[in-house]
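Both counts, for ligands and for their atoms, begin at 1 and track the order of listing.
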Amino acid sequence: MFDFQPTSGLLAAKTILVTGAGDGIGKEAALQFAKYGATVILLGKTVSKLEAVYDMILAQGGKEPAIVPLDLMGATPQHYRDMASTIEDQFPSLDGVLHNASVLGHLEPFEQISEDDWNKVMQVNVNSQFFMTQALIPVLKKSLSASIIFTTSSVGLKGRAYWGSYAISKFATQGMMEVIADENANTSIRANCINPGGTRTNMRAQAFPAEDPNKLKTPADIMPLYIYLMSDHSKHETAKTFHAQPK
Ligand code: NAP
């Protein structure tokens, strides 16, 4: 497990946007960023899940979060531009983005991937992060130290049979991170990828239905890396891929 011991108030001055904040790893990241003092912007598709996370953050004594209900499947570049200007108006700065929301699509042979499945996976996993990051970079540039975290997967680092659209979308994510990191090498923005490794969530259960979930790490177990990369301790880290569960 990636080893980092955060101190209380570590993220106190930060505003952090988390996509897919209603469930799984994104939910836990939002709760943990708030626990260490951040103001969290919760973006996701299912409003009731975001509201539950909002309530949990307040119940644990965190700063009042914001909710952005947005289905990445239908969102357009204009949605992201509007979101960026709202964030700029309502918060002193934007210091972090965790691109976490993703869909798995169907696991099937390459020749059988349908146009519909391909387009849906690319829309949620690639296009949304592309247009969202384009819109947010001008806001992030105003932060003294801004961290963009993308979420990759083992199948986005080495292609694997039957993981088609999902695996290819994670290779694109990796490339996006590297381009952004290189272009911003001399700015206050850094960009990195996290590979969470097998983690007990709905997506993992969908991919491996026969697996015993109790043998997997929980989202809470893998959080030290997420907190590290959002904190100023990682100011010098960019263009890298970190493994939350190194072998
Ligand atoms: P998860 O439990 O399925 O959660 C995915 C999140 O993304 C949910 O909050 C979901 O919202 C949101 N989302 C999905 N489609 C969306 C859309 N169209 N618009 C807005 N939000 C949407 O998955 P997870 O396991 O936590 O995965 C988090 C990230 O880690 C993903 O990028 C995944 O590829 C990566 N990852 C996970 C594992 C693992 O073992 N779990 C391993 C490697 C990589 P709703 O709940 O409202 O649908």
salt_bridge([X], [Y]) N-O dist < 4.0 Å:
{"X": "K45", "Y": "D71", "answer": "no"}
{"X": "E211", "Y": "R204", "answer": "yes"}
{"X": "D232", "Y": "K14", "answer": "yes"}

Is it the case that ligand 1 has an N or O less than 3.5 angstrom from some N or O of [X]?
{"X": "G26", "result": "no"}
{"X": "T199", "result": "yes"}
{"X": "A101", "result": "no"}
{"X": "N100", "result": "yes"}
{"X": "L72", "result": "yes"}

Output the list of atoms in ligand 1 that are nearer than 4.0 Å to some heavy atom of [X], sorted by atom number.
{"X": "K49", "answer": "45 (P), 46 (O)"}
{"X": "V124", "answer": "18 (N)"}
{"X": "M73", "answer": "18 (N)"}
{"X": "L70", "answer": "19 (N), 20 (C)"}
{"X": "D71", "answer": "17 (C), 18 (N), 19 (N)"}
{"X": "G198", "answer": "40 (O)"}
{"X": "N202", "answer": "2 (O)"}

[X] versus [Y], closest heavy-atom pair with distance:
{"X": "S143", "Y": "S188", "answer": "O-OG, 3.0 Å"}
{"X": "S93", "Y": "T15", "answer": "O-CB, 3.2 Å"}
{"X": "I222", "Y": "P196", "answer": "CD1-CB, 3.8 Å"}
{"X": "S153", "Y": "K170", "answer": "CB-CG, 4.0 Å"}
{"X": "V53", "Y": "A21", "answer": "CG2-O, 3.4 Å"}

Subject >> Neighbour count above 12 (heavy atom, 6.0 Å) for E115 CD >> reply: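 Not more than 12 within 6.0 Å, no.
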With a 4.0 Å cut-off on heavy atoms, does [X] reach ligand 1?
{"X": "L104", "answer": "no"}
{"X": "H99", "answer": "no"}
{"X": "S154", "answer": "no"}

How far is [atom] from its nearest protein heavy atom, and which residue and atom is that?
{"atom": "atom 43 (C) of ligand 1", "answer": "P196 CD, 3.7 Å"}
{"atom": "atom 34 (O) of ligand 1", "answer": "Y166 OH, 2.5 Å"}
{"atom": "atom 23 (O) of ligand 1", "answer": "M203 CB, 3.4 Å"}
{"atom": "atom 25 (O) of ligand 1", "answer": "T201 OG1, 2.5 Å"}
{"atom": "atom 45 (P) of ligand 1", "answer": "T46 OG1, 3.6 Å"}
{"atom": "atom 8 (C) of ligand 1", "answer": "D23 CB, 4.0 Å"}
{"atom": "atom 9 (O) of ligand 1", "answer": "G20 O, 3.2 Å"}
{"atom": "atom 30 (O) of ligand 1", "answer": "T151 CG2, 3.3 Å"}

Original post:
Are W118 and Y162 linked, directly or through other ILVMFWY residues, by side chains that come within less than 4.5 angstrom of each other?
Top reply: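 Different clusters.
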Using a 4.0 Å heavy-atom cut-off, which part of [X] comes near ligand 1: side chain, backbone, both, or neither?
{"X": "N125", "answer": "neither"}
{"X": "S102", "answer": "both"}
{"X": "Q206", "answer": "neither"}

**OP:** With rounding to the nearest 0.5 Å, note down the distance linking CE in M177 to CD1 in I149.
**Re:**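 It is 11.5 Å, given to the nearest 0.5 Å.
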Original post:
Can you find a side-chain donor-acceptor pair between Q123 and N119 that sits under 3.5 Å?
Top reply: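 No, N119 and Q123 have no side-chain donor paired with an acceptor closer than 3.5 Å.
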Original post:
D82 and Q78: side-chain donor and acceptor closer than 3.5 Å?
Top reply: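 Judged by distance alone, the side chains do pair up.
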Original post:
Do H99 and F150 have their ring centres less than 6.0 Å from each other?
Top reply: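 Here the rings of F150 and H99 have centres that are less than 6.0 Å from each other.
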**OP:** Please find out if less than 6.0 Å separates the ring center of F4 from that of H233.
**Re:**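 Yes, ring centres under 6.0 Å apart.
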Original post:
So which of K217, K45, E28 gets nearest to atom 16 (C) of ligand 1, if we judge by its closest heavy atom?
Top reply: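 Nearest heavy atom to atom 16 (C) of ligand 1 lies in K45.
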Original post:
Where the closest heavy atom to atom 15 (N) of ligand 1 is concerned, which of V68, V103, T19, V47 has it?
Top reply: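 Ranked by closest heavy atom to atom 15 (N) of ligand 1, first place is V103.
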Original post:
With a 4.5 Å heavy-atom cut-off, do I180 and I137 have their side chains touching?
Top reply: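 A side-chain contact under 4.5 Å exists here.
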Original post:
Hydrophobic clusters join Ile, Leu, Val, Met, Phe, Trp and Tyr when side-chain heavy atoms are under 4.5 Å apart, directly or via other members; which others share one with F208?
Top reply: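 Members alongside F208: L104, L107, V155, W163, Y166, M203.
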Original post:
Short check: is a protein heavy atom less than 4.0 Å from atom 21 (N) of ligand 1?
Top reply: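 It does: a protein heavy atom is found less than 4.0 Å away from atom 21 (N) of ligand 1.
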